[in-house]
**Q** 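So that we are looking at the same thing, I have put the structure below in structure tokens.
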There are 2 protein chains.
Amino acid sequence: MDIQLQIKMNEKLFLRDPEQSELGKKIIQESIQLIYKNGFEAFTFKKLAIDIGSTEAGIYRYFENKHRLLIYLTAWYWSWLEYQVIFQTNNIQDPMVKLKMVIKLLATTIEDDTNTRHVDESILHQIIITEGTKAYLTKRVSEDNKDQLFKPYKDLCAIIGKMILECSPNYQYPKSLASTIIEMAHFQNFFMNNLPSLTDFADNKDEADIVRFLEDLVFSSIKRPSCL
Amino acid sequence: MDIQLQIKMNEKLFLRDPEQSELGKKIIQESIQLIYKNGFEAFTFKKLAIDIGSTEAGIYRYFENKHRLLIYLTAWYWSWLEYQVIFQTNNIQDPMVKLKMVIKLLATTIEDDTNTRHVDESILHQIIITEGTKAYLTKRVSEDNKDQLFKPYKDLCAIIGKMILECSPNYQYPKSLASTIIEMAHFQNFFMNNLPSLTDFADNKDEADIVRFLEDLVFSSIKRPSCL
DNA sequence: CCTGCAAAGATAGTGTTACTATCTTTGCAG
DNA sequence: CTGCAAAGATAGTAACACTATCTTTGCAGG
């Protein structure tokens, strides 16, 4: 069975849909490699053009600028992750087990999904850890939000928030706890590898420890009422 | 009583100490205004030079580049906040009360501290919320960390971690919980004001709600063992 | 087979950014 | 009054972030 997974993206994210052409797919594929390698600040359309054997002007036909491309990549990632969450929690009844699965998906290294040929998810995951927040930490965030550019992120947050409420219908902060899990899954990973004294995982550098920390955080918070 | 508070900064943060001259202080003062107004991406030394009536070359004598200036501002902020934490928790015995004070300091709007004439802390606080993580979310983070540029942040995290252990000596993740509190105090604030559906504070937009969320998060986590 | 049209390639050009260099002026300390 | 450091003035460069325009390619419909 060879099923190619295609994620339908918001049209405001691009000028021309990169999934619809070879050049477009190469832009996605190689931009992921290049951002991973040099970081988003050092990433330019010029360098990308050279890497894919095209021209700057060619890339500008797909994306307004590099920041839009970053938003596209993050939106793609969160859409893909939402799909993974829905897929992996399908047929699971216990909301606690579902939540644990979500935490695992968020905090654990992702293998490349061969159903999406032009995207290497494991590298994209690394990019999202380091560069993901830069998509929205800007002066333009409200305008971009009006164009629904962050919808995949917000959708995922809403799904996790619902699971939290399923576990604990009286918990007061489901959405904030959801966004906390999402961000901390990434920040603790970044800290563990780069600023280890900000974490308790410096010795082993094991993602499983992050999972345990997040599980502890979440389930202590939402179970507390029943505990009192 | 007129005491001017001066924070001793790591010498690697600058080429020439901005606290030691009028021009230096103007660079700090106006860069805070300019970054607040236009965001870090749009901030340039050229614009800053015009605003302070000096030249680009003049600013380059103080800071290698704008990223170093951002690291300086964040380091200054965390040093100042550490001082506030120590000052405000002085003579408090109960570690839980101390922790609550820390959460309040992290998550609540700061009034301008008149003891530091060239820094407007309330605006700096806003900058740290939006731009703070960009100081370390780079490819250079390990080198910068070796130069101890993030020491103030790490020191604050260590202090909070210690308070957590005072509350609950057996808690396993004091440092990760500390960095979670610090980051979430800012992220939840940013989300509340810019991407409200990621939080549970959209209606009131009240920082006191963030404080309550963080207190709930922290004290559920660290009290759990005694609860079982 | 020709026509038309869209995608992509090729090339050029502009204003801005991120610096670096050098020379002059200012102010003050010895 | 001399010397020296800080700051001002000015210039220059390579890279970056675009925009414009013109040509080529490929292939779809008539």
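Naming convention: chains lettered A, B, ... in sequence-line order (proteins, then strands); numbering from 1 in each chain. Quick note: numbers below take in every heavy atom, side chains included, and nothing from hydrogens, waters or symmetry partners.
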**Q** If we check ring-ring contact (aromatic ring centres under 6.0 Å, His included) with B/Trp78, which of these qualifies: B/Tyr72, B/Tyr83, B/Tyr153, B/Phe150?
**A** B/Tyr153

**Q** When Watson-Crick pairs (N1 to N3 and N6-O4 or O6-N4) and G-U wobble pairs (N1-O2 and O6-N3) count only below 3.5 Å on both distances, what is the dot-bracket string of DNA chain C, with | for other-strand pairs?
**A** ||||||||||||||||||||||||||||||

**Q** B/Leu15 has an atom CG; how far is it from atom C1' of D/dA6, in whole Å?
**A** 14 Å

**Q** Does the side chain of A/Glu41 pick up a donor-acceptor pair with the side chain of B/His67 at under 3.5 Å?
**A** no

**Q** Side chain of B/Thr44: nearest nucleotide among C/dG9, D/dA6, C/dA18?
**A** C/dA18

**Q** For B/Glu121 and B/Thr116, which I'm curious about, is there any donor-acceptor pair between the side chains at under 3.5 Å?
**A** yes

**Q** For the residue pair B/Trp80 and B/Trp76, does the interplanar ring angle fall in the parallel (under 30°), tilted (30 to 60°) or perpendicular (over 60°) class?
**A** parallel

**Q** Look at the rings of B/Tyr136 and A/Phe187 and say which category their plane angle falls in: under 30° parallel, 30 to 60° tilted, over 60° perpendicular.
**A** perpendicular

**Q** Hey, which sits more toward the 5' end of DNA chain C by its nearest nucleotide, A/Glu56 or A/Arg61?
**A** A/Arg61

**Q** Measure CD/B/Gln20 against P/D/dA5 and give the value in whole Å, please.
**A** 17 Å

**Q** For A/Tyr62, which contact category applies under a 4.0 Å heavy-atom criterion: base, sugar-phosphate, or nothing?
**A** sugar-phosphate

**Q** Nearest whole Å is fine: how far is D/dC4 C1' from B/Arg16 CZ?
**A** 12 Å

**Q** When you compare the side chains of A/Tyr173 and B/Thr199, does any donor N or O come within less than 3.5 Å of an acceptor on the partner?
**A** no

**Q** Distance-only check: which donor-acceptor pairs under 3.5 Å involve side-chain atoms of residues 24-37 of chain A, not counting sequence neighbours?
**A**
from: A/Lys26; atom 1: NZ; to: A/Ile52; atom 2: O; distance (Å): 3.4
from: A/Ser31; atom 1: OG; to: A/Ile27; atom 2: O; distance (Å): 2.9
from: A/Ser31; atom 1: OG; to: A/Ile28; atom 2: O; distance (Å): 2.9

**Q** Between D/dT10, D/dA17, C/dC19, spot the one nearest the side chain of B/Tyr60, thanks.
**A** C/dC19

**Q** Rounded to whole Å, how long is the line connecting atom CD1 of A/Ile59 with atom C1' of D/dC18?
**A** 13 Å

**Q** Measuring from the side chain of B/Leu23 (C-beta onward, heavy atoms only), which nucleotide among C/dT17, D/dA17, D/dA7 has the closest atom?
**A** D/dA7

**Q** When the distance from CG of B/Leu34 to C1' of C/dT17 is rounded to whole Å, what number comes out?
**A** 14 Å

**Q** Taking only side-chain N and O atoms of B/Thr55, does any of them lie within less than 4.0 angstrom of OP1 or OP2 on D/dG8?
**A** no

**Q** Any side-chain N or O of B/Ser21 less than 4.0 Å from the OP1 or OP2 oxygen of D/dA7?
**A** yes

**Q** Assign B/Lys46 to base, sugar-phosphate, or nothing according to its heavy-atom contacts below 4.0 angstrom with the strands shown.
**A** nothing

**Q** The side chain of A/Asn65 is closest to which nucleotide in this list: D/dC18, C/dT11, D/dA9?
**A** D/dC18

**Q** How long is the line joining CD of A/Glu41 and C1' of D/dC16, in whole Å?
**A** 14 Å

**Q** Could you give the CG-to-P distance, from B/Leu69 to C/dC19, as a whole number of Å?
**A** 12 Å

